[in-house]
4 protein chains.
Amino acid sequence: MSNEKGPDHSRRKERSRQAILAAARALIAEEAYEKVTVEAIAARAGVGKQTIYRRWPSKSAVVFAALLALSEGVDGQSVALPDTGDLEADLKAVMRATAQEFADPSFDRLIRALNTEIANDAVLAAEYREKLAQPLDEAKKARLRGAQAVGQLRTDADLDLVLEVLYAPLFQRWLHRSGPLDAAYADSLVAVTLRAFAP
Amino acid sequence: MSNEKGPDHSRRKERSRQAILAAARALIAEEAYEKVTVEAIAARAGVGKQTIYRRWPSKSAVVFAALLALSEGVDGQSVALPDTGDLEADLKAVMRATAQEFADPSFDRLIRALNTEIANDAVLAAEYREKLAQPLDEAKKARLRGAQAVGQLRTDADLDLVLEVLYAPLFQRWLHRSGPLDAAYADSLVAVTLRAFAP
Amino acid sequence: MSNEKGPDHSRRKERSRQAILAAARALIAEEAYEKVTVEAIAARAGVGKQTIYRRWPSKSAVVFAALLALSEGVDGQSVALPDTGDLEADLKAVMRATAQEFADPSFDRLIRALNTEIANDAVLAAEYREKLAQPLDEAKKARLRGAQAVGQLRTDADLDLVLEVLYAPLFQRWLHRSGPLDAAYADSLVAVTLRAFAP
Amino acid sequence: MSNEKGPDHSRRKERSRQAILAAARALIAEEAYEKVTVEAIAARAGVGKQTIYRRWPSKSAVVFAALLALSEGVDGQSVALPDTGDLEADLKAVMRATAQEFADPSFDRLIRALNTEIANDAVLAAEYREKLAQPLDEAKKARLRGAQAVGQLRTDADLDLVLEVLYAPLFQRWLHRSGPLDAAYADSLVAVTLRAFAP
DNA sequence: TGATAACCGAGACGGTACGTCCGGTCTTAGC
DNA sequence: GCTAAGACCGGACGTACCGTCTCGGTTATCA
């Protein structure tokens with residue numbers, strides 16, 4: 001009953017879609033962002049430009065889709081914060097890992113590109129929040145709720161605020177390159193956050 | 001009487017320089033950033049394109065210079081945080097004012113443009129830190145040191161970290177449009193920060 | 001019989017090509033040559049600049065092509081000198097007509113532009129000779145050969161030289177504006193030439 | 001003694017004037033004409049651009065002046081055609097020499113530049129005729145008048161026409177590169193002319 | 001000898017056009 | 001019937017010169 005159109009058809013579409021997004025990601029990861037052009041993406045993906053414009057309305061949209069797809073398959077489960085029972089230890093592990101991710105130049109370029117698109121386009125920003133940020137935040141907040149339940153965190157804490165206090169300094173320091181992103185820094189952010197929201 | 005350097009010459013140079021920077025700022029403030037072109041800046045400033053390219057190596061550089069010049073004349077004095085003796089009240093006043101600034105669409109566009117340039121160019125980021133961010137931060141830290149002296153803030157607090165905890169959440173929420181920037185939010189950031197770094 | 005190549009495609013290409021050449025000719029005919037710009041040609045033709053640069057390597061080349069195309073379709077038949085049997089009368093008619101053509105300011109500007117391009121570029125000069133000058137000369141020489149056959153011209157006359165003696169003085173006088181180009185002058189060139197190459 | 005203005009003063013002016021004209025000629029002789037710029041002339045002459053524009057109203061005018069100055073000092077005497085009593089021999093000598101001059105690439109470029117300026121500017125053309133062409137032609141016509149007196153040339157020949165028939169074919173062939181400029185060609189032009197204007 | 005004016009070299013300036021590049025649309029040939 | 005290829009329009013890029021304007025530093029004359 002299901003697939004009304006030919007299966008090859010759908011698969012063909014999907015294959016070119018993936019090729020385009022992969023090409024976009026590859027180019028962003030390896031080159032200065034402003035050198036990433038639709039023509040280069042099409043060429044790298046072995047695809048005509050029209051095939052890109054058939055699916056996305058603008059260069060920004062393709063790039064953004066490519067970056068969103070980075071985290072495709074991410075769900076509450078897969079990104080759930082570890083839960084060893086020790087909130088501080090769990091947060092430190094996560095923050096250290098996060099800090100380390102930014103050390104990878106490719107990842108760095110990808111996330112900078114993503115932030116550039118988001119910062120300058122409210123529509124993309126909304127899509128980003130809905131598809132990426134909120135699911136991730138929900139997973140994190142689930143862990144925090146657990147901590148509240150066992151008295152490791154103020155019961156009345158605004159969990160969005162907790163996440164901001166925890167992550168935003170790291171994000172800002174990375175975006176502005178205003179300081180080192182090392183384990184000590186990650187730890188101190190956890191410490192500060194826990195002190196601020198201690199029960 | 002004074003003017004030691006050639007007066008007309010320097011004045012001419014300076015006048016065109018200011019005209020260029022003002023034109024750039026005006027265009028950024030009133031149009032979508034990607035529509036700001038060197039040609040438009042030159043036309044608005046009543047200047048040849050070459051006069052722009054003689055001084056700055058690229059469009060990014062002009063735009064960045066224009067944005068840096070926004071805060072020209074800013075010094076420790078002029079941006080010093082108020083000091084009424086009540087740290088919490090002072091910080092709340094400052095944070096509320098900061099949050100309000102972002103409500104102005106022109107200011108919003110200017111700062112987004114600035115952040116876009118900074119985020120994608122390490123050299124500009126360094127210049128930004130040196131010329132703008134650090135002086136401002138120093139002024140703020142001076143107030144915090146006063147607070148430490150009178151026992152309103154932990155003596156061993158890392159003041160850079162204090163500023164990050166205070167400002168980064170606001171910055172991130174603004175950049176990602178992930179929530180309202182109202183007085184309540186400003187207040188809560190102050191509250192959190194003071195709790196985290198209470199003596 | 002019909003169009004072997006893709007019809008629409010060729011037609012599109014051909015249409016824009018003709019629009020460009022027509023725009024170039026129109027501009028040359030109506031303005032001082034040095035004011036003819038590629039941008040103006042593109043605008044007048046309703047074409048992007050790149051469409052011009054895709055086909056021709058430089059402004060000179062477009063202009064030259066436009067001027068060559070002036071005489072497209074010209075062949076031995078269409079430009080054959082009249083043949084009433086009276087060589088002197090035929091040549092006088094042709095020379096008077098030629099002299100008059102130069103009186104038209106548009107034509108004058110076009111031919112001056114053509115000569116400027118040719119004079120300063122050996123490659124264009126070769127193309128001009130092959131595509132324009134030689135076919136025209138052949139047609140003229142055919143008439144002269146007829147005259148030789150009926151004893152109105154020396155049998156051993158170098159026909160290229162005959163044409164030069166006939167036309168070059170007119171050409172030089174026009175190019176240097178060194179004298180009037182009237183019917184009397186046309187007639188005297190014919191008279192001189194016939195005397196020089198009388199049997 | 002005489003010199004009313006300061007002698008050094010005049011000499012300074014004259015020196016820079018000569019430097020400019022020499023630089024212009026040198027550049028025209030060695031480079032493609034369209035690459036000759038006022039800036040290059042000024043630099044080569046060791047002179048400010050303003051010094052050029054103080055004296056000539058436009059680039060064309062400088063270039064033209066430089067080319068006219070090529071023949072400075074030329075007068076009726078110095079360019080008089082040889083007069084051995086044998087008109088044919090004298091003309092052949094002159095025409096062969098003329099043809100040879102064009103073989104020098106530098107000379108070729110200079111004369112092409114001169115013709116380009118003349119062809120596109122009626123004012124410069126008039127100046128050229130008055131200052132260069134007519135004096136030279138007068139010298140040549142003096143020789144022809146001598147030939148008329150001794151019965152080597154028709155008494156009623158229009159001497160301007162004689163000169164045109166003699167020179168214009170060579171000029172056109174050179175300008176259009178439509179054939180070799182060798183001694184045989186020079187000779188045949190003389191032969192044709194003498195036949196056309198034989199008494 | 002020192003002051004003062006004329007002049008020059010250097011080169012920045014407002015403009016205009018160059019030839020290139022790319023975004024987004026449209027056409028064509030081929031699978 | 002959709003695709004890869006790529007031409008097309010539009011318009012910004014950064015560069016090169018034009019002809020003008022300003023500057024600082026000689027020169028050149030006269031006190």
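Here is how names work: the chains are called A, B, and so on, in the same order as the sequence lines, proteins then strands, and each is numbered from 1.
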Chemist: The side chain of D/Lys59 is closest to which nucleotide in this list: E/dC22, F/dC18, F/dT15?
Modeler: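 Closest nucleotide among those given: F/dC18.
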Chemist: Using salt bridge (Lys or Arg N to Asp or Glu O under 4.0 Å) as the criterion, point out the one residue from A/Lys59, A/Lys49, A/Arg44 that pairs with A/Glu39.
Modeler: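 When salt bridge (Lys or Arg N to Asp or Glu O under 4.0 Å) is applied between A/Glu39 and each of A/Lys59, A/Lys49, A/Arg44, only A/Lys49 qualifies.
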Chemist: So if I take every side-chain heavy atom of D/Lys49 and compare against E/dG23, F/dG19, F/dC9, which nucleotide ends up nearest?
Modeler: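 Side chain of D/Lys49 sits closest to F/dG19.
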Chemist: Would B/Phe64 and B/Ile118 count as a side-chain contact (heavy atoms from CB on, under 4.5 Å) if you check the C-alpha gap in whole Å, the side-chain angles of each, and the deciding distance to 0.1 Å?
Modeler: CA-CA 8 Å; B/Phe64 179 69; B/Ile118 285 169; 4.1 Å; yes
Chemist: For C/Arg55 and F/dC9, what is the distance between atoms CZ and P respectively, to the nearest whole Å?
Modeler: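 Distance, rounded to whole Å: 8 Å.
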Chemist: State which of F/dA4, F/dC13, E/dG14 makes the closest approach to the side chain of B/Ser16.
Modeler: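 Within the option list, the nearest is E/dG14.
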Chemist: How do B/Val36 and C/Gly46 order along DNA chain F: which one's closest nucleotide is nearer the 5' end?
Modeler: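 Upstream on the strand: C/Gly46.
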Chemist: Nearest-nucleotide wise, let me know which of A/Ala43 and C/Glu39 is further upstream toward the 5' end of DNA chain F.
Modeler: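 Checking each residue's closest nucleotide, the 5'-ward one belongs to A/Ala43.
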Chemist: D/Ile52 CD1 to F/dC17 P: how many Å, rounded?
Modeler: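 Nearest whole value for this atom pair: 14 Å.
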Chemist: May I have the distance from C/Arg44 (atom CZ) to F/dC9 (atom P), rounded to whole angstrom?
Modeler: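 Whole-Å distance recorded here is 17 Å.
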Chemist: To the nearest Å, give me how far apart CD (A/Glu34) and P (F/dG14) are.
Modeler: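 Spelled out: CD on A/Glu34 to P on F/dG14 is 11 Å.
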Chemist: Taking the side chain of B/Thr51 as its heavy atoms from C-beta onward, which of F/dA12, F/dC8, E/dC13 lies nearest to it?
Modeler: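 The nucleotide sitting nearest to the side chain is E/dC13.
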Chemist: If we count only N and O atoms by modelled type, under 3.5 Å, do the side chains of D/Thr116 and C/Asn120 hold a donor and an acceptor together?
Modeler: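 Their side chains do contain a donor-acceptor pair, which is all the 3.5 Å distance test asks for.
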Chemist: Can you check whether C/Ala66's main-chain N or O pairs, donor with acceptor, with C/Arg25's side chain at less than 3.5 Å?
Modeler: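 Between the backbone of C/Ala66 and the side chain of C/Arg25 there is a qualifying donor-acceptor contact (under 3.5 Å).
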Chemist: When you measure from the side chain of B/Val47, which nucleotide among F/dG14, E/dG14, E/dG24 comes out closest?
Modeler: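 The closest nucleotide is E/dG14.
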Chemist: Measure NZ/B/Lys35 against P/E/dG24 and give the value in whole Å, please.
Modeler: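 So the NZ-P distance, B/Lys35 to E/dG24, works out to 12 Å.
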Chemist: Among the candidates F/dT15, E/dG24, E/dC13, find the nucleotide nearest to the side-chain atoms of B/Gln50.
Modeler: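 That would be F/dT15.
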Chemist: What verdict does the side-chain contact (heavy atoms from CB on, under 4.5 Å) test give for C/Leu175 and D/Leu175, after you've listed the backbone C-alpha separation in whole Å, the side-chain angles of each residue and the deciding distance to 0.1 Å?
Modeler: CA-CA 11 Å; C/Leu175 195 70; D/Leu175 195 70; 3.7 Å; yes
Chemist: In whole Å, I'd like the distance from the OH atom of C/Tyr53 to the P atom of E/dC22.
Modeler: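 Going from OH in C/Tyr53 over to P in E/dC22 covers 17 Å.
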Chemist: Within this structure, what is the CZ-to-P distance between C/Arg17 and F/dC8, rounded to whole angstrom?
Modeler: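 Those two atoms, CZ and P, are 11 Å apart.
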Chemist: Side chain of D/Arg54, heavy atoms from C-beta onward: which of E/dG23, F/dC13, E/dC8 has the nearest atom to it?
Modeler: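 Of the options given, the side chain of D/Arg54 lies nearest E/dC8.
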Chemist: Please state how far atom CH2 in D/Trp56 lies from atom C1' in F/dT20, giving the value in whole angstrom units.
Modeler: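 In whole Å, F/dT20 C1' and D/Trp56 CH2 are 18 Å from each other.
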